[in-house]
Structure formats: C-alpha cells, structure tokens
J.: 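Sharing a structure, written as structure tokens. Questions coming.
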Amino acid sequence: METKSPATSNQPQATSYLKENGIRPMDENLIDREDPQYQLHSIRHSAAHIMAHAVQRLIPEAKFAIGPVIKDGFYYDMDLPRTLTSEDLEAIEAEMKKIIKENNSFERQEWDKDKAREFFGEHHQDYKLELIEGIQDETVSIYKEGDFTDLCAGPHVRYTKQCKHFKLLKVSGAYWRADENNAQLQRVYGTAWQTKEDLEKYLFQIEEAAKRDHRKLGRELGLVMFHEYAPGAPFWLPKGQTVFRTLSDKMRNYNLRNGYVEVGTPQMFRKDLWETSGHWDHYRDNMFIFDDEDTQIGLKAMNCPSHMLIFKNERRSYRELPLRIHDQGVLHRNEKSGALSGLTRVRKFCQDDAHLFVTPEQIEHELRKLLIMAKNTYEVFGMKFSKVYLSTRPEDYMGELEMWNQAEASLEKVIKEADIRFEINAGDGAFYGPKIDFIIEDALGREWQTATVQLDFQLPVRFDLKYIDANNEFKTPIVIHRAIYGSLERFIGVLIEHYAGAFPTWLAPVQVHVINLGENHLEYAAHVHKKLLAAGIRSHLDVRNESVNYKIRDGELQKVPMMLVLGDREVENQTVTVRRLHQAKGRSEAISIDEFIANIKAEADIDFADPE
RNA sequence: GCCGAUGUAGCUCAAUAUGGUAGAGCAACGGUUUUGUAAACCGUCGGUUGUAGGUUCAAGUCCUAUCAUCGGCACCA
C-alpha cells in the first residue's frame, strides 16, 4: 500500500467560516456581530492588513499578494526587495502598534475593475492586478485603513484598535499561487486574539507543545537516534525498538486473526518491475536507484508490486478471495531533503501494510471491516482523527467511469455506516482509484496522514492478475491497499507526542523500575526483578548507589509507569510497594509480588477489538 | 528542491552587537555515604567549536563552500 509517504499538505487552510455560515463577506461593521468566532476572524484578517500597512511604510517597494486568515492567526505573502530578518519582524511589530494606536477606521469601497487596475497599476502591485483578473464580478471590493488600500473581500473590524493583541511569529518562503515555478514570496505569519489573556494563553500553549515534541522526547527517553550519516533514517534504540516491536506484533496478530496472511518480500527489484507497476514513470524521482550490471535496481518504496507477484505466483481461484496479504517490510523513499522531519517524515520506514485481493462483490464488506479495524485500533490509543478525507476521481483517472462511481459510492457508504466524520476531497484520489485518508495532528498542530484505505483497479490490470470464478472464467481481481498505523515510524512519532512520552503500561519500553533502599535490600530487589522478568514484565533493576529520591526522580523523568521501592518492610513481608508515575505524595499499600504481577498483567492486557 | 535560521563536551547553555587560541550545570568515571518516594557530598575526566577552505600576527567569533538539523513553502503518482 502506498500511504502518501508521509504527509498531507501542511498548507494552512483559509477558514471556511464565512462560507459555512452563509455570511456575505461584504457586510458592513462585521465586528459588531455578536458571534465571537466571527469577531476573531475579522480581527485576524484586519491584523494581516495592518501588518501589510506597516511593511508598506517600512519598505515602500513591497508588493502584496494575499493575506488570509488561518488557524489561530493570519499571514501575508509579500514580494520584497530584500529578505526579512527577525529584527525586521520586531520593527514591523512596532510599526503595527503605531498604526493600531492611530486607530484608523477600516473603510469599504466598491470600485469598478478599471479603477482598481489603474490604482494598483500605478502602485506597481502586480499580484493584485493578477488577482483582479481572476474576479468574476464587474466591481471589486476595496478596504482602506489609513493610507493603506487593499483589494480585499473583507470582513474587517471597524478600527485598528480592535487588533491590539497580536504577535508576529515567523517568516518563510512561499510560492505565489502555491506553484514552485512561480516567484517565491516572503510569508510573515502572525497570531491575533481578542484579549491579552487569549494571546498569552496561545503563546504558552505553543511552548508547552514544544515540550512534547517527539524529537526531543525521543532523545531524552532513549527511544531513537539520528545520525547525519543517514539523514531521514531513524536508529531504533533498545527502548524505541521495544515500542516498535510491541506495536508491530500487536498489529500482526490483529491481522492474522482476522484472516490475513503475512509475507516477506525482497528489498530491491530490477527496473522492469517498476516499469510494469508504473512507478518508473510516476515515482522514480522518489526512489533510490542504482546501477547493477546491465540494468538498474530500485529499493522498494512500497510493497504492492511484490504482492502482485505473489498473487500471480499461483493459479488463483475465487474460493481464495478475499486474499489478504500483510507485509511489514522496510521501505525507502527518497524524500527531498527539505521535507524530512524527525520520525514523521523519513526516508526509511515500515508500514503495517496489506493488500486485499477481492471480487467486486467483496469490496464493500472488506471496506467495512477495515474501517472498523482502524477505528478499534485508534480507540485503544485514545487518538482522534483530526480529519478523514474521501478522495475522489482525479481528472487523469484510469479505468472505467462506472467502476469509479461504484467504488466512490461504496467508500462513501461504508464510511457513513461506520459513523466517521469525513470531508470529500474532490479530485484528489489516486489515478488508480479513490481512497480514504486518516489524518492525525502532532503536538504542534501539524497534520500527518496515518491510516489509509485505497481502492485500486489499475495494478491488477498492469500485472495481468487473474482468478478463476465459479463459471470457470478468468476475472481480474480488485486490490485494496490499506494501512492502519500507516508508517510505524510516523505513528510512533505521533504517539510519543500524544502520550507526552508517558506510554501506557502495555506499550512502555520499561514497565517497572525495581529500586532498593540500601545495601541490605540488594538481594531482595534482584529477586523481585528476576520474578518480574520471568513473568514477562519489562523490568529494570536500579540498584545504583544513589538515594531513593534520586532514583525516583530518574524513573519519573524516564516516565516509567511503575516503580517498586524495596526496604526492610518489604523484605520482611515479602511484598512490594508500588509507586505509579506522577503519583502524588504518599505511599501506597504494600502488596505481594504475585499480586503485583497479576495487576500489571491485567493492566497490560490490551488488544484491538475484532470486527463482527 | 526553494526561502530563512541554527550547528560550542553525551544533554542544556556561556564565551562582551567592537576577532586575542573555550567555561558552567547535568550526565559519565573514582571515592565517601546506605539512603523510605522528584537531585547526598567530594573529586576526576571530557571540546581540532559540524566539515573543508579562506582572510588575519591571531578565528568559536569575519568570508566562501559543503553537510546536517530546525521553521515554513513545494513535494508526498
């Protein structure tokens, strides 16, 4: 299966608030609406104008592109004669404060297009001229604030003083009209709020979120390391590997008991395979390819071609379908250097991948089961999808229209039945079939695709796959690509942030620290530790010559779910005293070793619920 | 890949916006201490300042290239 390797677009989405609420942006005095969401929108949009105004004062040659409202703030794209520095940001902020103090009013005007063309032409606002040409109406709306005039649909606040609580956050490059062939503009991001408290709260939240960044926690908790010799390729350290293996095994077992078979497949293939699959034409730039004698070899970037070959390896009967092939093989994708990011966008990764070979009649049933499996899986982690997309037929689709319509209808039907909220992403399906993508947010609010379900009519044809149906006729199967975690690397990255590093007991790389009080308790601590290991519990014996306080603190920082502190009392009664992670002051009751083992095993007895 | 930023000991940071051959805490190691729920005490080790060039009497500080990372953008059939 081919999750979009890593991510969905991180392009900020302009809020659809106005559209959703059926509000015409040209209404006057919008800030007077009671709806706080509406006011926030107006404040942010106006803050973008004020920022542009400030830039115009400081850098008169500035050309302005677009300045929309986004989640938590706004940005403005500008073409400037020089690159902005962080000092510039401060200067712009200072200038904005002046403008706000001036308390200019926002004034709306309707201009006919020629007047607008003339005005923006005189001011060398090339991007605005281009935007005017894209507007259907005969007239365009203009907002004036002080001596700053902008082409803009609104809405705005009435006076600049209503935008007091803002902060500029960062500058970056951004392509005009999101096309890398166009000029790269400078985008300044900012945030704006109704009250000082809201602003401060937001800034605090950003700081807090950074503390659960998986790159920081991954290092601090000894889960994963990176090295510049292998950019984009995680090294799983013993603890990280434990998490990895636990997740991997859990999913493997989940699949196997739900009718999947598991396979292992080669790591690299001659280019012929990639030509057959279509990847040579469509995906080569993202693959690692090297010469081998008279041909070229490509490291696999996805498992599907292997599974096609496995299907083709035997004469298949309809009685075998659905054939569900699971594979957690290693994949390499040559992601562009600038795209790499911790565990969430890597070059080397594994997916909990599977390909389902089905008859047309089986599609719906299999999809239904898949959605339930995905739902049940994420439920165990207490994770919510921030978005679910149903991506439909693109313009350059392959195959028959009727097949597409049926497939899209099936997907939509089952996703509704599963009671999953989703949005339709029209035209964003793969050329080989429609798909459902599941999106999760990281700590910093960035969105990543994890699970995916994709229908594929194309690969079976390209590989000339056949099965024999009940009438002894050859039929072409349909393939469903699917992954529930998606990339395990990315999933773990998101999980680390979700739990802020404090994994639940079943997943914690180390489940128990056994801590002795003094040298008189060494032997008993070792005994307890040994019993825990024998019971299959991931125990660590901490008998360093350090104070109990020190060792407790260490366990806390390592986010170990349980610590056993053993002293005279425990030795005497052959018990353990349990201290849970983040436990408030005060000591728990002592319990027997066996009781503790039973408790922890019960707690770690977690599994994904089977469909049906 | 593009725009920008960053790179000093294992980690977190210092080293006067105006160059004068690197300091601290934690960790590690050695010793003392034998500890009852978030850091006992003393000592020791540890750095060709990402890499390669250049400017200079002198470079962590300036310049160039390069690598990696970070923030975005683009990409993610």
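First the proteins, then the strands, lettered A, B, ... as listed; each starts at 1.
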J.: Could you tell me whether A:Gly232 contacts a base, only the sugar-phosphate backbone, or nothing, with contacts defined as non-hydrogen atoms closer than 4.0 Å?
T.: sugar-phosphate
J.: Pick base, sugar-phosphate or nothing for A:Glu570, based on heavy-atom distances below 4.0 Å to the nucleic acid.
T.: base
J.: Starting at CD of A:Glu220 and ending at P of B:C26, how long is that distance when rounded to a whole Å?
T.: 17 Å
J.: Nearest to the side chain of A:Glu228 - B:A68, B:A74, B:G36?
T.: B:A68
J.: Whole Å only: how far is the CG atom of A:Asn549 from the P atom of B:A38?
T.: 5 Å
J.: Within the structure, does a side-chain N or O atom of A:Ser172 lie under 4.0 Å from either OP1 or OP2 of B:G71?
T.: no
J.: Name the nucleic acid region contacted by A:His513, choosing base, sugar-phosphate or nothing; use a 4.0 angstrom heavy-atom cut-off, strictly under.
T.: nothing
J.: Using atom C1' in both nucleotides, what's the gap between B:C70 and B:G50 to the nearest angstrom?
T.: 15 Å
J.: Check every strand shown and say whether A:Gly433 touches a base, only sugar-phosphate, or nothing at a heavy-atom separation below 4.0 Å.
T.: nothing
J.: Does the Lys NZ or Arg CZ of A:Arg393 fall within the cation-pi geometry relative to A:Tyr397 - under 6.0 Å from the ring centre and within 45° of the axis?
T.: yes
J.: Passes ring pair (Phe, Tyr, Trp, His ring centres under 6.0 Å), A:Phe457 versus A:Tyr432? Steps please.
T.: CA-CA 6 Å; A:Phe457 313 116; A:Tyr432 52 71; 9.0 Å; no
J.: With a non-hydrogen cut-off below 4.0 angstrom, is A:Asp568 in contact with a base, only sugar-phosphate, or nothing?
T.: base
J.: Starting from P on B:U34, measure out to OH on A:Tyr550 and report it in whole angstrom.
T.: 19 Å
J.: Within the structure shown, what part of the strands sits under 4.0 Å from A:Thr85 by heavy-atom distance: base, sugar-phosphate, or nothing?
T.: nothing
J.: Which whole-number value in Å describes the distance from A:Asp285 CG to B:G1 P?
T.: 13 Å
J.: Sub-3.5 Å donor-acceptor pair from the side chain of A:Asn516 to the main-chain atoms of A:Gly518, do we have one?
T.: yes
J.: Looking for any heavy atom pair under 4.0 Å, which part of the strands does A:Lys170 touch: base, sugar-phosphate only, or nothing?
T.: sugar-phosphate
J.: Give the nucleotide from the list B:A38, B:C75, B:G36 with an atom nearest to the side chain of A:Arg553.
T.: B:A38
J.: Closest approach to the side chain of A:Ser547, judged atom by atom: which nucleotide of B:A39, B:A38, B:C75 is it?
T.: B:A39
J.: Does any part of the side chain of A:Arg44, heavy atoms only, come nearer than 4.5 Å to the side chain of A:Pro68, both counted from C-beta?
T.: no
J.: In whole angstrom, give me the gap between the C1' atoms of B:A58 and B:U18.
T.: 16 Å
J.: Counting heavy atoms from C-beta on, name the nucleotide in B:G71, B:A40, B:U35 closest to the side chain of A:Val548.
T.: B:U35
J.: Across all strands shown, which nucleotide pairs with B:U44 by Watson-Crick or G-U wobble geometry, both distances under 3.5 Å?
T.: B:A28
J.: Which residue, A:Tyr485, A:Phe438, A:Phe349, forms the ring-ring contact (aromatic ring centres under 6.0 Å, His included) with A:Phe491?
T.: A:Tyr485
J.: With rounding to whole Å, what would you report as the distance between B:A24 and B:C67 at their C1' atoms?
T.: 29 Å
J.: Do A:Arg446 and A:Glu497 meet the salt-bridge criterion of a basic N to acidic O distance under 4.0 Å?
T.: no
J.: Categorize A:Ile515 for me: base, sugar-phosphate, or nothing, with a 4.0 angstrom heavy-atom threshold over every strand shown.
T.: nothing
J.: Round to the nearest Å and state the distance from A:Lys71 atom NZ to B:G72 atom P.
T.: 12 Å
J.: Which listed nucleotide (B:G36, B:A38, B:A74) is nearest to the side chain of A:Ala339?
T.: B:A74
J.: Looking across every strand, which nucleic acid part, if any, lies under 4.0 Å from A:Gln186 by heavy atom: base, sugar-phosphate, or nothing?
T.: nothing
